[in-house]
Amino acid sequence: MAEQPPVAPPPLPSNADLAAIFDEIGSLLEIRGELVFKTVAYHRAADAIAHSPHEIARDYRAGRPPAIPGVGSAISDKIAEIVATGRLRFLDRLHGDVPPTLVELLEIPGVGPKTVRLLWERLGIETLEDLRTGLRAGTVGGVPGLTEKGIASLRAGVEALDRRSTRMTLGTAERIVAAIAARLAEAPGVRAVVPAGSFRRRRETVGDLDILVETDDPAAAIASFTEMPGVSAIVNAGTAKAAVRLAGGPQVDLMVMPPGRAGTYLVHFTGSKEHNVRLRALARDRGWSLSEKGFARLGEADERRPAAAESEAAEAGADDAGAAEVEPARGATELRTFATEAEVYDFLGLAEVPPELREDGGEVEAARAGRLPRLVDVADLRGDCHAHSDWSDGIHTIEQMAEAGRARGYEYLVLTDHSHGLAIARGLSPERVAAQRTVIAELNARFAREEAEGVAPAATPAAGFRLLQGCELEIRGDGSLDFDDAVLASFDVVVAALHQGRRQPRGQLTARVLGAIRSPHVDVIAHPAGRMLGERGRDDLDLAWDEIYAAAAETGTLLEIDGSDHRLDLAPERARLAVAAGCTLTIDSDAHRVEELAGIAWGVAQARRAWVGPGSVANTWSRAALLAWVGGGSRPATAGRAAGSRRATS
DNA sequence: GCCGTTTTCGGCCCGACTGTTTTCAGTCG
């Protein structure tokens, strides 16, 4: 081999790569016993990096590092070093102090940094495999701080780790939550059952489930919970909360709320942690300590007044004697409680923040300034631009899908069976497209007749309901489109998607998607990132996203948020950037069966997480407005589009 | 290590549950 060129730049790490590095640093510092706030700072920075919409390494290399909350000069310098050299000397040195394999021990439930350090320093355990071996051989123990119970807990933790479930999709979480809520509602004294946590915030996937129960009889609720079928282990159970692990499923936490005081409980257990930290800081600024129980008045000793210590006795003596009577002896401070979340936020001087925004992504500032956006809602949607029938890979008939769309009160449902290039999904040939058109026309004739006769479903809007003919058009591996122009021009709405050749290099993949965006026939790019959540997990396609957003904004091609719970694509971070770049979105169900039409709500939730308002979502528009847009008449730029190429349907 | 409608220094969210350390540390959410 010849000598390497002297200055070949190292490959660019992804945000996930960078986040993993800083998470590792945080964990190693924890094990080393570093100041907690320092380790937290690294983890916070890692989280911010992982969720940043910027391509951070690319921006650093381009010499314009983005401002990332939680990333200060020290971590910024480290990012710069990684991007420039592909290495981080700080981490290399840290590995000399603390074996990097210790991080995997932190994954064990019930095991924290102190325990890991004990295992390492006193027993020489450096890996999960070391621990497994030691537990089997009975050599773990015999040191202070590790009792028999501690060892049993370690063993249970390792077993729990081995069968740890992956994160659930929202649909799976909803099914589990609904079953538990139905059971709890039957327990005596229960007034309300409310799902909380990341499920309520509608994160794309959910790890643990959190359920709140407002009840007069906490013991009965907790007993009902821990004794329900499907529980494989009780993690803990007290008088205020309990946690169980479901067989082959997630951990579920139950919290009890005293009646009439749900406000702070809901806020606390909905989170996120980062959002709560902000709220508590606000409360503290106002002289209150915020916990799930309510707002407790901070005592003199709690106030941050460095000079107060010496004069404390004098101040106490100077206090009004009456006040001392109102606040009995010590500790028992005034507690403010609220029935609703709105009151809690109001007490902090904030507008009520929708759960989907509670991620410390600017919502606290916006709520304080009264500038929270009006978010899109399921009720805003007048149609759905992406659904399948049994003509391709759906399971219900065209008529069943249409009737279901009509029953939802839509003005339209776009039937988007696959094009023939996606053979695995029984894609339609041009001949079957033509045959399908006849079926659709007959259905629409009946719908029009029933509307005229006043026998259409009550939910039918004034404009009536029509089934529109679309297709999910395959963007082929070579970038060409799967139907010719004449066939494409015959659809009401063309939804293009890329399913094949996912591993092509970024330039080639990007060119394929840009080609579709710039086609005069393509109206929507479906699930643009091509990601899959859950067990079928697939990462986002490696696309030059800024180019995608710019081209979509320029041509008016719509970008989809796919509501299928294993897609949710675009992801919120991307959708937020796309709208900022001037793009218009659709939120679709991608339903393959009647029941999945309701899944559009998951897509709406992701749009809300992206701060998207109804004005940026094309299927909040009337059918006429949507058709005018896709026909080219009302798009921002029609250059290159074959104006009037779309046939008029309705 | 980060950060500033109190602060460029001195703070950084709070409580339940567990085990056992008879007054609290560790872990978790």
Side-chain angles (χ1 to χ4, degrees), chain A residues 22 25-26 29-31 33-48 67-79 90 105-118 144-154 156-157 160 196-198 207-212 218 222 226 234-243 250-256 264-265 267-296 298 302-307 335 348-349 360 364-365 368-369:
Chain A
F22 292 109
I25 291 174
L29 292 179
E30 279 174 34
I31 295 167
E34 208 77 38
L35 195 66
V36 165
F37 297 115
K38 187 190 268 196
T39 66
V40 167
Y42 276 105
H43 288 304
R44 281 181 56 102
D47 194 57
I68 306 164
V71 174
S73 60
I75 292 179
S76 182
D77 287 348
K78 290 182 174 69
I79 297 174
F90 176 81
L105 295 175
L106 285 175
E107 297 294 311
I108 304 168
V111 172
K114 298 292 191 295
T115 308
V116 171
R117 188 170 181 180
L118 176 80
L146 200 55
T147 61
E148 280 306 315
K149 278 199 171 176
I151 295 164
S153 159
L154 268 179
S198 55
D208 296 345
L209 296 174
D210 299 280
I211 296 176
L212 297 176
I222 285 176
T226 55
I234 297 172
V235 178
N236 58 51
T239 56
K241 64 186 195 180
Q251 176 167 321
V252 187
D253 291 354
L254 180 75
M255 268 70 58
V256 171
T264 45
Y265 285 84
V267 169
H268 179 89
F269 289 109
T270 297
S272 66
K273 193 167 73 176
E274 292 73 20
H275 179 81
N276 287 353
V277 166
R278 295 295 308 277
L279 297 190
R280 284 176 167 154
L282 278 182
R284 181 163 271 273
D285 291 345
R286 292 166 172 249
W288 297 88
S289 166
L290 171 60
S291 78
E292 67 268 34
K293 295 176 183 309
F295 292 91
L298 285 172
D302 298 321
E303 306 253 14
R304 284 189 234 148
R305 297 195 310 184
L335 185 72
L348 290 169
D360 193 20
V364 174
E365 291 76 6
R368 184 158 49 197

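The model shown is predicted, which means the values in this text are computed figures rather than measured ones. Naming: A, B, ... by sequence-line order, numbering from 1 per chain.
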Original post:
When you measure from the side chain of A/N236, which nucleotide among B/dG1, B/dC14, B/dT18 comes out closest?
Top reply: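 Ranking B/dG1, B/dC14, B/dT18 by closest atom to the A/N236 side chain puts B/dT18 first.
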Original post:
For A/R284 and B/dT6, is the shortest distance between a side-chain N/O and OP1 or OP2 below 4.0 Å?
Top reply: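 Answer no for this pair, as no side-chain N or O of A/R284 is under 4.0 Å from OP1 or OP2.
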**OP:** May I ask you to evaluate whether A/R368 reaches the phosphate of B/dT5, defined as a side-chain N or O under 4.0 Å from OP1 or OP2?
**Re:**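 No, A/R368 has no side-chain N/O under 4.0 Å of OP1/OP2 on B/dT5.
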Considering all heavy atoms of both residues, which atom of [X] and which atom of [Y] are nearest to each other, and what is their separation?
X	Y	answer
A/K293	A/L335	O-CD2, 3.9 Å
A/L209	A/P250	CD1-CG, 4.2 Å
A/A243	A/D253	CB-OD1, 3.2 Å
A/A237	A/I234	CB-CG2, 4.1 Å
A/G145	A/L118	O-CD2, 4.0 Å
A/F269	A/L212	CD1-CD2, 3.5 Å

Pick base, sugar-phosphate or nothing for [X], based on heavy-atom distances below 4.0 Å to the nucleic acid.
X	result
A/V36	nothing
A/S73	sugar-phosphate
A/A237	sugar-phosphate
A/Y42	sugar-phosphate
A/L35	base
A/N276	nothing

Using a cutoff of under 3.5 Å, can you pull out all pairs of nitrogen or oxygen atoms linking the protein to nucleotides 19-22 of chain B, with atom names and distances?
{"from": "B/dT20", "atom 1": "OP1", "to": "A/T147", "atom 2": "OG1", "distance (Å)": "2.3"}

Contacts of type side chain to side chain donor-acceptor pair (under 3.5 Å), residue [X], not counting sequence neighbours:
X	answer
A/T264	none
A/E274	A/S272
A/Y42	A/K78

Find the distance [X]:[atom1] to [N]:[atom2] and express it as a whole number of Å.
X	N	atom1	atom2	value
A/R278	B/dC14	CZ	P	15 Å
A/L154	B/dT18	CG	C1'	14 Å
A/D47	B/dG1	CG	P	19 Å
A/E34	B/dG1	CD	P	8 Å
A/L298	B/dC12	CG	P	10 Å
A/K38	B/dC3	NZ	C1'	16 Å
A/L335	B/dC14	CG	P	14 Å
A/L282	B/dC14	CG	C1'	16 Å

Provide the distance between the two [atom1] atoms, one in [N] and one in [M], to the nearest whole Å.
N	M	atom1	value
B/dT27	B/dT20	P	14 Å
B/dA16	B/dG11	C1'	26 Å
B/dC3	B/dT8	P	16 Å

Original post:
Where each residue is assigned the nucleotide of DNA chain B containing its nearest heavy atom, which of A/I222 and A/I68 is assigned the position nearer the 5′ end?
Top reply: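 Here A/I68 is the residue nearer the 5' end.
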Original post:
Given that A/S291 and A/G72 both sit by DNA chain B, which one's nearest nucleotide is further toward the 5' end?
Top reply: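 Nearest-nucleotide comparison on DNA chain B picks A/G72.
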Identify each donor-acceptor pair in which a side-chain atom of residues 69-77 of chain A lies under 3.5 Å from a protein atom, sequence neighbours left out, and give them as a table.
{"from": "A/S76", "atom 1": "OG", "to": "A/Y60", "atom 2": "OH", "distance (Å)": "2.9"}

Original post:
Quick one: does A/N276's side chain have a donor or acceptor within less than 3.5 Å of a partner on A/H268's backbone?
Top reply: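 Yes; at least one donor-acceptor contact below 3.5 Å.
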**OP:** Produce a footprint string for nucleotides 23-29 of chain B: one letter per nucleotide, 5' end first; B if the base is under 4.0 Å from any protein heavy atom, S if only the sugar-phosphate is, - if neither.
**Re:** ---SSSS
Original post:
What is the base-pairing partner of B/dT8, counting Watson-Crick and G-U wobble geometry with both distances under 3.5 Å?
Top reply: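 By the stated definition (distances under 3.5 Å), nothing pairs with B/dT8.
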